[in-house]
S.K.: 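My questions all concern the structure below.
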Amino acid sequence: MRIGYPCINRSIGCTTNSTFRLASYSEERLVGTVANNLACLSRVLRYNTENGLLFFRISSDIVPFASHPVCKYGWMGQFRKEFHAIGAHIRKHKMRISMHPDQFVLLNALDDGIVRRSISELEYHCDVLDAMGLDSTAKIQIHVGGVYGDKKKAMEQFVQRYRLLDKKIKKRLVIENDDRLFCLRDCLAISERTGIPVLFDSFHHSCLNNGEGLREAMKAAARTWKRKDGPLMVDYSSQEKGARKGKHAEQIDIRHFSAFLGGAKRSGVDCDIMLEIKDKEKSALKAKAVLGVF
DNA sequence: CCATGTCAAGGTCAC
DNA sequence: GTGACCTTGACATGG
């Protein structure tokens with residue numbers, strides 16, 4: 001079981017997410033920004049291995065505008081050595097990697113333009129992981145998409161669109177249960193028809209479910225992951241007190257996490273846990289300490 | 001130099 | 001049908 005956090009490290013004073021405005025796009029600007037982001041990513045990964053945090057989500061902003069028509073630059077070739085070195089570090093330390101394209105990636109959209117742009121964005125994410133030489137256990141997680149007034153049809157649309165995807169995307173793509181629209185049961189139904197693995201988000205599941213307990217839910221999700229996919233990925237968070245339902249906590253609630261971890265252990269499912277907590281590596285380190293006690 | 005508005009991309013929900 | 005909100009850090013501009 002590996003523990004990790006997404007995209008940002010607040011301790012070491014650099015960012016892997018620097019970007020710029022589309023209006024100020026230039027090749028020089030792109031090259032400078034990507035160089036900065038990759039150098040920082042190396043530092044973050046070194047920090048993570050030194051601290052036993054072996055699960056990490058790489059930011060979608062690592063190459064700004066990569067899937068936008070404005071970007072014609074061959075960044076993969078330019079930074080081949082840097083990507084390769086990062087990949088070598090990841091493999092050497094047996095780290096797990098995920099990426100999470102944002103809300104604009106909608107495979108089941110009604111508009112063909114949106115679908116086309118979504119697929120380009122997925123290709124870009126694959127390119128990053130491929131450039132690092134990572135195997136099929138490195139995943140790209142998305143949500144099922146929009147409902148568009150007819151949930152059943154929206155799910156069917158996802159299935160049809162998924163089947164048309166290129167092999168290189170299918171190798172990495174997984175779906176995650178969300179907190180308002182598509183629950184775990186919906187994701188499992190889609191998985192049944194496509195073979196796509198289901199990433200289990202425990203916090204979303206607590207917001208939207210059909211009464212399945214943690215253990216049952218984790219076992220069901222884990223069954224959708226084949227050997228080539230690696231262990232089940234789990235996103236963990238807890239509710240920020242006094243805030244809107246679904247808002248992620250600022251810092252880890254140790255009692256809540258311990259209870260969750262107990263349930264996860266009892267499920268007998270091997271999994272990697274991503275802590276989606278605002279203070280990032282700080283809470284991940286606390287979680288790691290809790291794991292040590294179990 | 002600091003504060004504030006803005007940023008490629010969409011969808012849902014309240015009104 | 002329209003506008004607020006989601007969610008978020010970092011850029012960019014204006015004072």
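All figures in this text were calculated on a predicted structure; none of them were measured in a lab. Each chain gets a letter, A, B and so on, in the order the sequences are listed, and its residues count up from 1.
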S.K.: Base, sugar-phosphate alone, or nothing: which one does A/F65 contact when heavy atoms must sit under 4.0 Å apart?
M.R.: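 Base contact.
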
S.K.: Treating primed atoms plus P, OP1 and OP2 as sugar-phosphate and everything else as base, which nucleotides of nucleotides 10-15 of chain C get B, S or - for protein heavy atoms under 4.0 Å?
M.R.: BBS---

S.K.: Scan residues 183-190 of chain A against DNA chain C and write down, sorted by residue number, each residue with any heavy atom closer than 4.0 Å; if none is found, say none.
M.R.: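 Within residues 183-190 of chain A, no residue comes under 4.0 Å of DNA chain C.
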
S.K.: Which pairs, protein N/O on one side and nucleotides 13-15 of chain B N/O on the other, fall under 3.5 Å?
M.R.:
none

S.K.: Using the ring pair (Phe, Tyr, Trp, His ring centres under 6.0 Å) criterion, which residues pair with A/Y73? Sequence neighbours excluded.
M.R.: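 A/Y73 satisfies ring pair (Phe, Tyr, Trp, His ring centres under 6.0 Å) with no other residue.
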
S.K.: Please list residues of residues 102-127 of chain A whose heavy atoms come under 4.0 Å from any atom in DNA chain B, ordered by number; otherwise none.
M.R.: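 Contacting residues: A/Q103, A/F104, A/L106, A/I114, A/R117, A/E121.
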
S.K.: Is A/K245 paired with A/D179 through a side-chain N to carboxylate O contact shorter than 4.0 Å?
M.R.: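 Result for this pair is no, no salt bridge flagged.
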
S.K.: Could I get the full list of ring pair (Phe, Tyr, Trp, His ring centres under 6.0 Å) partners for A/H205, not counting sequence neighbours?
M.R.: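 Expected list: A/F200.
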
S.K.: Determine, for A/E27 against A/K72, whether the closest basic-nitrogen to carboxylate-oxygen distance falls under 4.0 angstrom.
M.R.: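 A salt bridge is absent here (no side-chain N lies under 4.0 Å from a carboxylate O).
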
S.K.: State plainly whether the residues A/D253 and A/K241 are in salt-bridge range, i.e. N to O under 4.0 Å.
M.R.: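 Salt bridge present between A/D253 and A/K241.
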
S.K.: Pairs counted as Watson-Crick or G-U wobble with both distances under 3.5 Å: what dot-bracket string results for DNA chain B, using | for bases tied to another strand?
M.R.: |||||||..||||||

S.K.: Parallel, tilted or perpendicular for A/H143 and A/H204, by the 30°/60° rule?
M.R.: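 Ring orientation, 0 to 90° scale: tilted.
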
S.K.: Enumerate the residue pairs fulfilling disulfide bond (SG atoms under 2.5 Å apart) with a member in residues 24-79 of chain A, sequence neighbours excluded, ordered by first and then second residue.
M.R.: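 Non-adjacent pairs meeting disulfide bond (SG atoms under 2.5 Å apart): A/C14-A/C40.
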
S.K.: Would you call A/D229 and A/K139 a salt bridge, taking side-chain N to carboxylate O under 4.0 Å as the test?
M.R.: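 Counted as a salt bridge, because a side-chain N and a carboxylate O are separated by less than 4.0 Å.
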
S.K.: Less than 4.0 angstrom from a charged side-chain N to a carboxylate O is my criterion; do A/R161 and A/D112 meet it?
M.R.: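 Yes, charged N to carboxylate O under 4.0 Å.
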
S.K.: Just the table, please: protein N/O against nucleotides 2-5 of chain C N/O, every pair under 3.5 Å.
M.R.:
none

S.K.: Calculate the interatomic distance between A/D179 atom CG and B/dT12 atom C1'; express it in whole Å.
M.R.: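 Roughly 12 Å, once rounded to whole Å.
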
S.K.: Below 4.0 angstrom, which residues in residues 38-48 of chain A have at least one non-hydrogen atom near DNA chain B?
M.R.: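 Contacting residues: none.
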
S.K.: Please determine if A/K168 and A/E123 form a salt bridge, counting it only when a charged side-chain N lies under 4.0 Å from a carboxylate O.
M.R.: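 Salt bridge between A/K168 and A/E123, a charged N being under 4.0 Å from a carboxylate O: no.
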
S.K.: In terms of side-chain geometry, is the basic nitrogen of A/D135 or A/K228 positioned less than 4.0 Å from the acidic oxygen of its partner?
M.R.: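 Salt bridge between A/D135 and A/K228, a charged N being under 4.0 Å from a carboxylate O: no.
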
S.K.: May I ask you to check whether over 12 heavy atoms, not counting those of A/R163, lie within 6.0 Å of atom CZ?
M.R.: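 Check passes, neighbour count above 12.
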
S.K.: Please name all residues satisfying ring pair (Phe, Tyr, Trp, His ring centres under 6.0 Å) with A/F55, sequence neighbours left out, ordered by chain then number.
M.R.: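 None.
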
S.K.: Could you label the plane-to-plane angle of the A/H89 and A/H93 rings as parallel, tilted or perpendicular, counting under 30° as parallel and over 60° as perpendicular?
M.R.: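 If you compare the ring of A/H89 with that of A/H93, the planes turn out tilted.
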
S.K.: State which residues pass side chain to side chain donor-acceptor pair (under 3.5 Å) with A/H256; sequence neighbours excluded, sorted by chain then number.
M.R.: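 Here the qualifying residues are A/Y236.
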
